[in-house]
Amino acid sequence: MIIAIVGAGGKTTLLKQKAQEYKAQGKKVFVTTSTHMFIEPDALLSDDADEIIQKLDSNGYVMAGLKDGIKLSPLSLETFQKVSPHADVTLVEADGSRHMPIKFPNATEPVIDKNTTEIIVVCGMHALGKPAHEVCHRLELVKQCLGISDDTLITPEHILKLVMEGYVLPLKKAYPNAVITVYPAHDSSVFQKTAAQWILESLH
């Protein structure tokens, strides 16, 4: 099973949460990125498939990639394809957002392996009520999608449209066999939780 986590506003947090859940179930978990993510202290900085597989087999878990400054960058496709079948679950951070809670992807994003079985689209509810220019990655693309200005305050309707038009619809077309779900990350406040619930209900 290969799970790609895309979007903005909580991808790494969700990836770590999923990794812990699957590890607790006794599954072997392989974590990597197809773009960039921050290097965790236990990350294996290697593109050697045998070395990665050895750590996965002995620990039941491995995060692997190449060092690029303070970030983890992707393994070679050959290494990824060798390691992934040895894991019960492969978790891939497959999109970048420069710490912004919402975004609209460009033509090269997200970066998803063709064998991916599940795609989780993350969106950050902490964008709500804030001006677009403060909370949007790929601001020009966001403005184009939504027909808004730099100073427009972000609403739940805006986030739903970005998720649907930027991710859900094109991903369904590109990866017809993958399960696509949406994860609105929120801080448990009534406002954010209610907005997150409304987004989820509106998707059906």
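Side-chain atoms are counted along with the backbone in the values below, which use heavy atoms only and exclude waters and symmetry mates. One-based numbering along the sequence shown.
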Determine, using the 4.5 Å side-chain heavy-atom cutoff (strictly less than), whether [X] and [Y] are members of one ILVMFWY cluster.
| X | Y | answer |
| --- | --- | --- |
| Trp198 | Leu162 | yes |
| Leu139 | Leu153 | no |
| Leu169 | Leu203 | yes |
| Val163 | Val122 | no |
| Phe104 | Met164 | yes |

Spacing of [X] atom [atom1] and [Y] atom [atom2] [to the nearest 0.5 Å]:
| X | Y | atom1 | atom2 | answer |
| --- | --- | --- | --- | --- |
| Ile39 | Leu45 | CD1 | CG | 5.0 Å |
| Phe80 | Asn115 | CZ | CG | 8.0 Å |
| Arg98 | Cys136 | CZ | SG | 14.5 Å |
| Thr33 | Leu91 | OG1 | CG | 11.5 Å |
| Asp95 | Ile112 | CG | CD1 | 7.5 Å |
| Met1 | Lys27 | CE | NZ | 6.0 Å |

(Q) Test of understanding: with salt bridge (Lys or Arg N to Asp or Glu O under 4.0 Å), list the residues that count as partners of Glu78, not counting sequence neighbours. (A) Lys82

Using a 3.5 Å distance criterion without hydrogens, assess whether the side chain of [X] forms a donor-acceptor pair with backbone atoms of [Y].
| X | Y | value |
| --- | --- | --- |
| Asp47 | Leu75 | no |
| Lys103 | Leu141 | no |
| Lys23 | Val29 | no |
| His158 | Thr155 | yes |
| Thr32 | Ala64 | yes |
| Ser34 | Val111 | yes |
| Lys161 | Leu146 | no |

**Q.** Residue pairs involving residues 134-143 (criterion side-chain hydrogen bond (donor to acceptor under 3.5 Å, both in side chains); sequence neighbours excluded)
**A.** Glu109-Arg138, Glu140-Lys143, Lys143-Asp150

Q | Inter- and intrachain pairs under side-chain hydrogen bond (donor to acceptor under 3.5 Å, both in side chains), touching residues 169-182, at least two apart | A | none

Q) With Phe191, which residues qualify under ring pair (Phe, Tyr, Trp, His ring centres under 6.0 Å), at least two apart? A) none

Q.
Can a side-chain donor-acceptor contact be found between Asp187 and Ser189 if the only test is distance below 3.5 angstrom?
A. yes

Nearest atoms (heavy-atom pairs only) where [X] meets [Y]:
| X | Y | answer |
| --- | --- | --- |
| Leu72 | Met63 | CD2-CG, 3.9 Å |
| Ala94 | Pro110 | O-CB, 3.1 Å |
| Glu93 | Leu15 | N-CD1, 3.7 Å |
| Ser84 | Thr90 | OG-OG1, 2.9 Å |
| His126 | Pro101 | NE2-CB, 3.4 Å |
| Thr116 | Ala178 | O-CB, 3.8 Å |

Q: Tell me, yes or no, whether the heavy-atom count around Gln81 atom CD, taken from other residues, nucleotides or ligands under 6.0 Å, exceeds 12.
A: yes

Q.
Parallel, tilted or perpendicular: which one describes the rings of His99 and Phe38, with boundaries at 30° and 60°?
A. parallel

Is any side-chain heavy atom of [Y] closer than 4.5 Å to one of [X]?
| X | Y | result |
| --- | --- | --- |
| Ile53 | Phe30 | no |
| Val92 | Asp113 | no |
| Asp151 | His133 | yes |
| Ile154 | Ile148 | yes |
| Ser46 | Thr79 | no |
| Tyr183 | Lys11 | no |

Q) Of all residues at least two apart in sequence or in a different chain, which pass the side chain to side chain contact (heavy atoms under 4.5 Å, CB included) check with Lys55? A) Leu44, Asn59, Val62

(Q) For a side chain to side chain contact (heavy atoms under 4.5 Å, CB included) check, start with the C-alpha distance between Ile199 and Met125, then their side-chain angles and the critical distance, and finish with the verdict. (A) CA-CA 10 Å; Ile199 286 171; Met125 295 295 99; 3.5 Å; yes

Q: Report the C-alpha distance between Glu118 and Ile3 in whole Å, list the side-chain angles of each, state the deciding distance to 0.1 Å, and finish with yes or no for side chain to side chain contact (heavy atoms under 4.5 Å, CB included).
A: CA-CA 5 Å; Glu118 183 179 351; Ile3 302 173; 3.9 Å; yes

Q: If you link ILVMFWY side chains whenever their heavy atoms are less than 4.5 Å apart, which other residues fall into the same cluster as Leu66? By chain and number, please.
A: none

Q. Going through the checks in order, is the side chain to side chain contact (heavy atoms under 4.5 Å, CB included) test met by His186 and Ser188?
A. CA-CA 6 Å; His186 58 80; Ser188 297; 4.2 Å; yes

Q: Take His36 and Ser73, measure what side chain to side chain contact (heavy atoms under 4.5 Å, CB included) needs, and give me the verdict at the end.
A: CA-CA 5 Å; His36 286 89; Ser73 65; 3.6 Å; yes

